[in-house]
Novice: 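Before I ask anything, here is the structure I am working with.
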Amino acid sequence: MREIFIKYNPYSLETTILIDNAAPKQNSRLNFGDRRLQEWIEELPEILFEECSSRDFKIIFHGAILDYEDVEAMAREAEKGGLNIELEHIPAKEVSDKEAAISEIFDEIQSGPFDELKQPDVIKAFNMAKSSDFEVNVVATMSAGKSTLINALLRQKLMPAKQEACTATITEIKDNDGDSFMAKVYDTNGNLIQTHPELSFEIMDSLNSNPDVSRIRVEGNIPFVSSDDVALVLVDTPGPNNSRDPEHKAATYRMLSESSKTIVLYIMNATQLAVNDDYNLLSHVADSMRVGGKQSRDRFIFVVNKLDDFKKGEDSIEAAITKVRDYLRDNGIENANIYPASALTALNIRTILSERDDEDDDEVYEAKGKVRKFNRNPEMYFETLAPLTPSIRGQIENRLADARNNGDTYEEALIHCGIIPIEMAIQMYVRKYAKTAKIKNIVDTFSKRLESAKSFEVTKQEITENQDKQREILANIESIKRKLASGEDAKRFKGRIEQINYDSEISKLANEVIMEAQKRITDQLSSSDTKISRREAEELCRQFARFADNLQADVQVKLEQLIANHVQKSANDLLDEYKKKISELAQDVSVGNVAIDPFELMAGDISTDASSLISNLTETKRVKVDEVWVENTNRKWYKPWTWFQEKGHWKNVYENKEYVGGTKLAQRFFAPIQEHLYENSNNAIEYAKDQAKKIKREFSKKFTELDGVLKEKLQELEDCANDSKDVERRIRESQARLKWLEEIQIKTKSILDI
């Protein structure tokens with residue numbers, strides 16, 4: 001039996017692997033770099049078999065419990081393939097330990113001796129790192145019960161459940177642990193048109209029916225999470241074919257894309273599978289789940305709703321779930337996380353039964369009947385059918401035992417009807433992925449600022465201790481200041497910035513997106529029948545319209561990603577050029593033990609994350625990528641894209657025609673669409689170039705601000721060099737400040753230790 005030791009740090013994403021106490025070879029596939037465990041854990045059995053030529057392993061895993069459960073799942077699956085894996089777990093510090101340490105260190109910094117660490121920009125950076133939003137996107141086809149599920153999670157009726165209304169807008173509900181809900185309402189151009197300090201179901205119903213409303217941003221309490229953890233945002237997305245705003249469809253595709261790491265609650269109607277709306281969305285879900293390993297699968301939670309509608313003795317709930325699993329597999333989705341649920345039962349328990357208890361009330365009587373049905377029928381214990389990890393299953397079993405011991409039939413039914421397992425699955429994903437990333441972000445924010453403060457303090461101490469070299473030190477500071485102010489240096493730096501561009505690269509990538517879309521259109525053309533009836537022609541055009549609409553959203557999101565990557569790459573290179581410029585200022589500058597390094601002095605002020613710098617600089621603009629309809633008030637049979645416009649009907653054209661040429665119809669339908677694809681690809685390329693230019697302008701302003709910060713620090717060093725009073729006292733104070741800094745740095749670094 002080969003012994004495999006794995007130490008995995010989910011905060012720093014560092015993995016150490018030893019085989020029989022020896023490190024793997026340098027070119028081994030066991031060197032996973034900074035990949036998250038969930039991205040490689042399923043590859044591990046195959047790699048171990050190749051590397052060790054053995055089927056028997058003892059894996060000692062040192063890491064967090066949620067990651068260990070993924071190792072356990074891997075081991076169970078590997079055993080089906082003939083491997084024998086024995087497991088041992090060495091526990092690690094969990095997320096809650098880290099959060100307590102972070103708050104303690106932040107308080108200590110704010111009461112410490114360094115004023116520069118108490119500045120508003122430092123506090124702002126910490127708060128931004130601490131309070132990052134995390135989205136849970138809720139998507140469903142018609143009649144799946146999406147609004148009912150959201151209301152059940154909110155524990156009140158807020159979202160309207162009318163089929164025609166609930167898909168009209170995008171609603172974002174952000175958790176702030178408040179006592180009531182408030183809302184800001186925006187039109188399709190992003191203009192704020194209404195505010196509601198006290199949001200109600202009636203107001204939401206009215207807003208969803210208002211054609212001027214495109215997006216509603218709500219804040220209030222999402223009870224099953226705390227805003228201290230992460231700012232959870234429930235996003236109610238429009239149905240795939242029931243949105244009046246084309247941008248809404250793009251928002252859905254954006255959320256499903258493989259680059260997104262948000263949770264997707266995909267609500268399915270257990271009594272009505274295989275609706276047309278599903279196919280296109282599920283193909284995108286399948287594409288996303290194939291990239292990124294287990295994390296990509298974990299973020300998709302398939303909620304099979306309305307399972308309580310099956311009649312006892314006539315239908316099998318397990319058979320229904322098997323049918324759903326087969327249906328998803330047919331759409332390219334393997335190993336789906338399927339959670340059975342009755343959202344209406346959960347909502348009624350949390351609203352009707354929590355507010356009144358009169359059994360003469362029909363709603364109360366019906367709700368209590370569902371409670372009895374769930375509690376008395378073991379086949380309706382939905383939590384036993386959910387893909388829960390051992391730790392979550394243990395927590396649910398404890399809650400269930402407490403509910404039964406306390407005679408709390410409502411709590412018991414809530415567990416059985418599936419709502420609590422869904423809430424806990426969301427909590428688990430947040431703890432495993434979002435919170436570990438947040439902790440790393442906060443520690444990085446601390447570390448950069450502390451290192452910069454330490455470098456500055458060390459330089460001041462060295463200057464104070466070298467009073468005999470005062471003239472040389474002042475001369476060197478003056479030399480750096482001259483370089484900083486040099487017109488020649490600024491011109492050279494500007495020239496390097498102007499050379500940064502990826503115009504040819506983005507053009508090439510955009511053309512690849514359009515060629516892929518063109519191929520999909522060609523496939524549609526080749527699938528058209530030669531001759532079809534007028535009624536079939538109408539239905540074919542409707543299918544073409546749906547296809548073109550989905551193609552538009554897909555191409556839009558892909559071009560947006562190209563633009564974002566283009567801007568991000570430009571921003572990173574701009575930062576690198578500025579760092580190079582700052583480092584060059586210190587060339588050939590040193591006096592004995594005194595080293596004045598402008599880059600070290602500025603390390604905490606220059607963000608190493610370009611995203612944080614460009615977040616407030618990049619303007620949001622919807623890129624037009626397609627046009628399905630050609631404006632024409634006269635409908636013509638040979639212009640099928642005009643068939644669904646306003647009156648000026650085509651019916652007289654078909655007087656003497658019984659059949660329509662399907663191939664010609666398809667060609668004519670897609671001809672203008674193909675033309676616009678290329679046209680709008682060019683528009684996207686030009687937009688990306690304009691954005692990059694804007695980023696360069698804005699970064700130049702930022703670099704000027706940073707130059708100002710450096711000048712202030714150099715002036716402080718100059719004042720220190722000119723001050724010859726109380727040298728011994730100043731040295732003692734500096735030593736005490738440095739000791740405090742080093743202790744804080746040790747504590748900060750230890751946060752990421754497991």
Side-chain angles (χ1 to χ4, degrees), residues 73 76-77 80 137-150 152 161 163 237 239-242 252 256 263-290 294 296-347 370 373-374 376-389 393 396 413 415-422 424-426:
R76 288 195 300 270
E77 196 63 30
K80 296 177 185 176
N137 295 278
V138 189
V139 63
T141 50
M142 291 283 278
S143 74
K146 176 178 61 172
S147 297
T148 305
L149 179 70
I150 294 175
Q163 302 299 348
T237 59
N241 285 324
N242 296 284
T252 301
L256 293 176
I263 291 178
V264 176
L265 281 182
Y266 197 109
I267 318 302
M268 307 175 74
N269 184 343
T271 63
Q272 187 183 343
L273 291 177
V275 294
N276 289 335
D277 291 350
D278 262 343
Y279 297 132
N280 199 62
L281 279 180
L282 289 177
S283 69
H284 278 74
V285 171
D287 289 343
S288 267
M289 289 178 69
R290 291 188 193 104
K294 191 175 186 302
S296 294
R297 288 202 308 280
D298 282 352
R299 78 182 189 94
F300 288 96
I301 297 174
F302 294 91
V303 178
V304 183
N305 195 23
K306 305 189 180 183
L307 270 174
D308 56 316
D309 288 348
F310 291 129
K311 294 180 175 61
K312 185 177 179 180
E314 295 181 12
D315 302 290
S316 163
I317 291 173
E318 288 195 34
I321 293 175
T322 300
K323 183 179 177 183
V324 170
R325 194 174 299 282
D326 292 342
Y327 168 66
L328 292 174
R329 189 178 293 117
D330 290 343
N331 281 274
I333 297 172
E334 299 284 345
N335 302 317
N337 294 309
I338 298 174
Y339 285 76
S342 170
L344 183 59
T345 299
L347 177 62
K370 279 294 175 75
K373 184 177 180 181
F374 271 102
R376 293 175 180 176
N377 296 289
E379 67 269 24
M380 294 187 67
Y381 292 178
F382 289 170
E383 78 281 4
T384 63
L385 303 173
L388 304 173
T389 64
R393 193 169 294 284
I396 285 183
I415 294 171
H416 294 328
C417 76
I419 193 70
I420 288 176
I422 292 168
M424 296 184 81
I426 295 171

Novice: Atom CG of Leu282 and atom CZ of Phe300: how far apart are they, to the nearest 0.5 Å?
Specialist: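 That separation rounds to 10.0 Å.
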
Novice: Compare every heavy atom of Gly332 with every heavy atom of Ala286, then report the nearest pair and how far apart it is.
Specialist: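 Shortest heavy-atom separation between Ala286 and Gly332 comes out as CB-O, 3.5 Å.
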
Novice: Students often mix this up, so state it plainly: with edges at 30° and 60°, are the rings of Tyr381 and His416 parallel, tilted or perpendicular?
Specialist: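 It falls in the parallel class, under 30°.
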
Novice: At their closest point, which heavy atom of Glu383 faces which heavy atom of Leu388, and how far apart are they?
Specialist: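 Shortest heavy-atom separation between Glu383 and Leu388 comes out as O-CD1, 3.7 Å.
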
Novice: Decide yes or no for Met268 and Leu328: does some side-chain heavy atom of the first lie under 4.5 Å from some side-chain heavy atom of the second?
Specialist: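 Side chain of Met268 against side chain of Leu328, heavy atoms only: contact under 4.5 Å found.
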
Novice: Whether Lys373 and Asp308 form a salt bridge (side-chain N of Lys/Arg under 4.0 Å from carboxylate O of Asp/Glu) is what I want to check.
Specialist: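 No, no charged N to carboxylate O under 4.0 Å.
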
Novice: Are the side chains of Cys417 and Lys370 in touch, meaning some heavy atoms are under 4.5 Å apart?
Specialist: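 Side-chain contact under 4.5 Å: no.
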
Novice: Before accepting this row, confirm whether a basic side-chain N of the pair Asp326/Arg329 lies closer than 4.0 Å to the acidic partner's carboxylate O.
Specialist: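 Answer for the salt bridge query: yes.
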
Novice: Run the side-chain contact (heavy atoms from CB on, under 4.5 Å) test on Ile333 and Phe302 for me, step by step, so that the C-alpha distance in whole Å, both residues' side-chain angles and the decisive distance to 0.1 Å come before the verdict.
Specialist: CA-CA 11 Å; Ile333 297 172; Phe302 294 91; 3.9 Å; yes

Novice: Might you work through the side-chain contact (heavy atoms from CB on, under 4.5 Å) test for Leu149 and Asn305, ending with a clear yes or no?
Specialist: CA-CA 9 Å; Leu149 179 70; Asn305 195 23; 5.6 Å; no

Novice: Kindly say whether Ala336 contributes a backbone atom to a donor-acceptor pair with the side chain of Arg325 at under 3.5 angstrom?
Specialist: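 Indeed, once roles are kept as given, a pair shorter than 3.5 Å links the two residues.
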
Novice: How close do Ser342 and Phe374 get, heavy atom to heavy atom, and via which atoms?
Specialist: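 Nearest pair, atom of Ser342 first, then Phe374: CB-CZ, 3.6 Å.
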
Novice: For Pro421, run the side chain to side chain contact (heavy atoms under 4.5 Å, CB included) check against Thr384, Leu385, Ile396, Ile301 and tell me which one passes.
Specialist: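 So, applying the side chain to side chain contact (heavy atoms under 4.5 Å, CB included) to Pro421 and each of Thr384, Leu385, Ile396, Ile301, only Ile396 qualifies.
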
Novice: Around Glu334, counting heavy atoms of other residues, nucleotides and ligands shown, do more than 12 lie under 6.0 Å from its CD?
Specialist: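 Check passes, neighbour count above 12.
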
Novice: Locate the shortest heavy-atom distance separating Lys146 from Ala140; write the atom from each residue and the value.
Specialist: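 Minimum heavy-atom contact is CB-CB, 3.8 Å.
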
Novice: Report the distance from atom OH of Tyr339 to atom CG of Leu307, rounding to the nearest 0.5 Å.
Specialist: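 The CG atom of Leu307 is 15.0 Å from OH of Tyr339, to the nearest 0.5 Å.
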
Novice: To the nearest 0.5 Å, how far apart are CD1 in Ile419 and CD1 in Ile422?
Specialist: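 So the gap between those two atoms works out to 5.0 Å.
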
Novice: Tell me whether Asn269 contacts the main-chain N or O of Gly145 through its side chain, where contact means a donor paired with an acceptor under 3.5 Å.
Specialist: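 Checking the backbone N and O of Gly145 against the side chain of Asn269, no donor-acceptor pair under 3.5 Å is found.
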
Novice: Which pair of heavy atoms, one from Ser288 and one from Arg299, lies closest together, and at what distance?
Specialist: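 Looks like OG-NH2, 3.6 Å.
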
Novice: Are Ile426 and Leu265 packed together at the side-chain level, in the sense that at least one heavy-atom pair is separated by less than 4.5 angstrom?
Specialist: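 Touching, per the 4.5 Å side-chain cut-off.
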
